[in-house]
Amino acid sequence: MSDKCDQNCNSCGENCSERKEKQTDFSAKLHEMSSIKKVICIVSGKGGVGKSLVTSLLAVTMNRRGHHTAILDADVTGPSIPKAFGINQKASASKQGLLPVKSRTNIDIMSINLLLENDTDPVIWRGPIIAGTVKQFWTDVIWRDIDFMFIDMPPGTGDVPLTVFQSIAVDGIIIVTSPQELVSMIVSKAVNMAKKMNIPIIGLVENMAFFKCPDCAKEYKIFGDSHIEEIAKKHHLGVLAKLPIDPQIAAACDQGLIESFNNDWLNYLAGILEKDGGK
Ligand SMILES: Nc1ncnc2c1ncn2[C@@H]1O[C@H](COP(=O)(O)OP(=O)(O)OP(=O)(O)O)[C@@H](O)[C@H]1O
């Protein structure tokens with residue numbers, strides 16, 4: 001029996017000979033020195049729709065509005081957060097736990113790329129190891145006085161998102177989509193997963209919704225007409241933001257300067273998050 005036994009086999013992860021019942025509660029305990037008021041997951045039904053971009057911009061927006069903000073990069077096989085923030089240094093540790101790296105504007109960040117020796121090393125791990133790593137970002141990192149944590153989830157509805165939802169106390173999710181064919185089905189999958197896990201859906205964000213010509217200000221729908229309003233209505237959800245295709249934002253991400261990019265795209269969403277408390 002573990003020295004920490006609280007007689008609750010249901011939530012205990014120890015492989016103990018005296019186990020009385022199967023583990024059904026997979027929730028993981030936040031590090032004892034951490035304090036996080038709100039945890040928001042950014043998800044997408046498929047890859048490449050701009051989930052990491054929305055996570056980064058949302059963290060920057062909330063930080064500018066005076067909230068102490070953090071990003072947990074759960075996209076372990078495709079971690080793009082450190083690059084967008086221009087972070088080159090590695091994470092350090094104290095005796096008590098791992099310490100997130102601070103961005104230029106004081107956003108706390110943890111990502112697998114802050115732990116690997118080389119940023120270009122591929123993470124060739126199986127699902128349970130990846131999921132275990134994300135869990136450790138929750139249990140072993142000291143997240144001090146965080147108002148809003150944003151989790152950049154891996155794309156899809158597979159093993160890792162499932163483990164994250166089971167182990168981390170998530171307050172809500174934001175689903176990112178783009179105006180392409182198949183999106184309706186893919187959003188439905190993400191919505192249904194959240195419903196099955198009993199996690200509140202804050203709403204939808206459409207990325208790459210249009211391109212605004214810098215010369216004549218005409219808007220072009222590069223990926224065709226959007227069906228986001230119908231999809232949102234079908235699931236009784238709100239559309240929280242529509243982001244344009246903007247070459248400047250792509251350049252800012254590539255140069256590690258996302259914090260210097262000025263826009264008001266996510267202000268409405270920020271207001272909704274604030275209304276629900278968190279600071
Ligand atoms: N609105 C936009 N305008 C211009 N470039 C964009 C926009 N949204 C995303 N991009 C670019 O598209 C690429 C993919 O975006 P991002 O990494 O955010 O997607 P993702 O959904 O997180 O991808 P993955 O599922 O692979 O993790 C990045 O290079 C990003 O800079």
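Positions are given from 1 along the sequence. When a ligand or atom number is given, it counts from 1 through the structure's own listing order.
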side-chain contact (heavy atoms from CB on, under 4.5 Å) test vs I151 passes for just one of V43, I168, D73, I71, namely I168

Looking only at atom types and distance, does a side-chain atom of S34 sit under 3.5 Å from a main-chain N or O of V141, one as donor and one as acceptor?
yes

Do T177 and I231 touch side chain to side chain, with heavy atoms closer than 4.5 Å?
no

Between W138 and S167, what is the shortest heavy-atom contact and its length?
NE1-O, 4.2 Å

L116, CG: over 12 other non-hydrogen atoms inside 6.0 angstrom
yes

Ignoring hydrogens and geometry beyond distance, is a side-chain donor-acceptor pair present between E274 and H67 at under 3.5 Å?
yes

Between the protein and ligand 1, are there any N or O atom pairs that come within less than 3.5 Å of each other, and if so, what are their names and distances?
from: ligand 1; atom 1: 1 (N); to: N207; atom 2: OD1; distance (Å): 2.9
from: ligand 1; atom 1: 1 (N); to: P244; atom 2: O; distance (Å): 2.8
from: ligand 1; atom 1: 3 (N); to: D246; atom 2: N; distance (Å): 2.9
from: ligand 1; atom 1: 8 (N); to: N207; atom 2: ND2; distance (Å): 2.8
from: ligand 1; atom 1: 18 (O); to: S52; atom 2: N; distance (Å): 3.3
from: ligand 1; atom 1: 18 (O); to: L53; atom 2: N; distance (Å): 2.8
from: ligand 1; atom 1: 19 (O); to: G50; atom 2: N; distance (Å): 3.1
from: ligand 1; atom 1: 21 (O); to: G48; atom 2: N; distance (Å): 3.3
from: ligand 1; atom 1: 21 (O); to: V49; atom 2: N; distance (Å): 3.1
from: ligand 1; atom 1: 21 (O); to: G50; atom 2: N; distance (Å): 2.9
from: ligand 1; atom 1: 21 (O); to: K51; atom 2: N; distance (Å): 2.9
from: ligand 1; atom 1: 22 (O); to: K51; atom 2: N; distance (Å): 3.4
from: ligand 1; atom 1: 22 (O); to: K51; atom 2: NZ; distance (Å): 3.4
from: ligand 1; atom 1: 22 (O); to: S52; atom 2: N; distance (Å): 2.8
from: ligand 1; atom 1: 22 (O); to: S52; atom 2: OG; distance (Å): 2.8
from: ligand 1; atom 1: 23 (O); to: G48; atom 2: N; distance (Å): 3.2
from: ligand 1; atom 1: 25 (O); to: G48; atom 2: N; distance (Å): 3.0
from: ligand 1; atom 1: 27 (O); to: K51; atom 2: NZ; distance (Å): 3.4
from: ligand 1; atom 1: 27 (O); to: D75; atom 2: OD2; distance (Å): 2.6

